[in-house]
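Note that the structure is predicted; figures quoted are calculated from it, not measured.
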Amino acid sequence: MDKQFRESKPVAARRDFDALRAAEMFEQGARQVDVAVALGVSQQTVSKWYRAWSAGGREAMAGAGRAGRMPRLSGEQLTEVEAELIKGPRANGFASEMWTLTRVAEVIERITGVRYSVTQTWTILRERLGWSRQRPARRATERDDAAIEEWVKTEWPRIKRPGAEEPGSASKTKADSR
C-alpha cells in the first residue's frame, strides 16, 4: 500500500522569548554553556542561537519578538482611565456608588475612544491595573448597630437558654432535682 505524503508548508518562525534572553546574555559576554543551563535548553539550541546572533545580532534571531497583538490602550491612556475610576462612579455620572464592568467600559470609551467588551474590560482591570473584584456589604440603611449590640447582650442569652436566670435541674428526667 502506497502512503501519500503531503508536502508541508514552511512554518513561520514562532516568537521565542528564550532566544531574546539568550541574545541579552550573549551581549553581556555569557558563555554558551551558561546560557543553556540558565534557560534550561539544549547545547544544540544555544549553539544555533549563538550562530544567528554572531551573524546579525538580535535582529537575526529568528522569531524573536513580541508575541500577540499590541494593546489598544497606551500606558498614558490607562493612567487617565485609572484616575477617573478612582474618582468613583458618581463623579463619572452614574447614579450609584458601584462600579460594574459595563460602567467601566463606558468610562474607557469616553476617555480613550476605544470600545471594549465586558470580558476585555475585566481583563484590563485585573491584568493591567491589578484591580480585583469586590462586592459591597449588603446592609439595611435603617440598621442600628447599637440596638443590635444591646439585643445580643440581653435578649439573645435569654432566647438561647430559656430559664437560665433561675437555678435549674441537673437531671434531664426530674424537673425538681438538683
Side-chain angles (χ1 to χ4, degrees), residues 9 11-28 30 34-42 45-46 49 52-53 57-59 61-162 164:
K9 296 178 183 175
V11 178
R14 70 177 183 82
R15 288 167 171 78
D16 194 343
F17 293 109
D18 284 341
L20 281 178
R21 180 71 185 119
E24 290 172 7
M25 293 175 77
F26 294 146
E27 289 167 1
Q28 295 169 359
D34 297 330
V35 172
V37 170
L39 300 178
V41 295
S42 69
T45 300
V46 175
W49 288 342
W53 177 77
R58 291 175 72 108
E59 295 77 30
M61 304 289 278
R66 188 183 187 301
R69 178 184 292 178
M70 291 292 290
R72 292 190 288 166
L73 291 182
S74 68
E76 295 96 28
Q77 288 175 315
L78 205 56
T79 303
E80 290 177 45
V81 168
E82 187 171 27
E84 282 299 308
L85 295 177
I86 289 171
K87 290 178 184 176
R90 289 196 190 220
N92 282 281
F94 298 106
S96 67
E97 275 296 323
M98 185 163 59
W99 282 117
T100 63
L101 292 174
T102 304
R103 288 178 175 185
V104 173
E106 287 178 28
V107 171
I108 291 172
E109 186 174 4
R110 180 172 41 85
I111 293 171
T112 65
V114 178
R115 178 178 292 177
Y116 282 106
S117 71
V118 172
T119 306
Q120 292 168 319
T121 302
W122 171 237
T123 302
I124 289 169
L125 287 173
R126 191 184 66 232
E127 293 179 5
R128 293 194 66 196
L129 293 176
W131 289 29
S132 64
R133 182 184 78 170
Q134 298 176 2
R135 292 181 183 241
R138 304 233 178 221
R139 293 198 172 141
T141 55
E142 303 86 15
R143 180 181 168 113
D144 184 356
D145 288 326
I148 292 170
E149 189 177 334
E150 182 62 29
W151 183 89
V152 168
K153 286 180 184 175
T154 59
E155 296 297 316
W156 177 242
R158 184 182 60 76
I159 295 169
K160 186 175 178 185
R161 295 184 60 215

**Study point:** Contacts of E24 that satisfy side chain to side chain contact (heavy atoms under 4.5 Å, CB included) - sequence neighbours left out
**Key:**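 Once residues adjacent in sequence are excluded, the partners of E24 under the side chain to side chain contact (heavy atoms under 4.5 Å, CB included) criterion are R21, R58.
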Check your understanding: Do R103 and T121 meet the criterion of a side-chain donor-acceptor pair at a distance under 3.5 Å?
Key -> no
Point to revise | Side-chain donor-acceptor pair present, Q120, T123, cut-off under 3.5 Å | key: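 Judged by distance alone, the side chains do not pair up.
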Check your understanding: Quick check: does any side chain N or O of R143 sit under 3.5 Å from a backbone N or O of I148, one acting as donor and the other as acceptor?
Key -> no
Can you tell me how far the [atom1] atom of [X] sits from the [atom2] atom of [Y], to the nearest 0.5 Å?
X    : Y    : atom1 : atom2 : value
D144 : E149 : CG    : CD    : 10.5 Å
L78  : R128 : CG    : CZ    : 4.5 Å
L101 : R133 : CG    : CZ    : 10.5 Å

[X] versus [Y]: any side-chain heavy-atom pair under 4.5 Å?
X    : Y   : value
L125 : L85 : yes
W49  : L39 : yes
I111 : Q77 : no

Review point. In terms of the angle between their ring planes, are F94 and W99 parallel, tilted or perpendicular, with boundaries placed at 30° and 60°?
Key: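 The rings of F94 and W99 stand perpendicular, inter-plane angle above 60°.
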Exercise for review: Answer yes when K153 and E150 have at least one side-chain N-carboxylate O distance shorter than 4.0 Å, and no when they do not.
Suggested key: no
Exercise for review: Verify the neighbour count for atom CZ of R115: are there more than 12 heavy atoms of other residues, nucleotides or ligands below 6.0 Å?
Suggested key: no
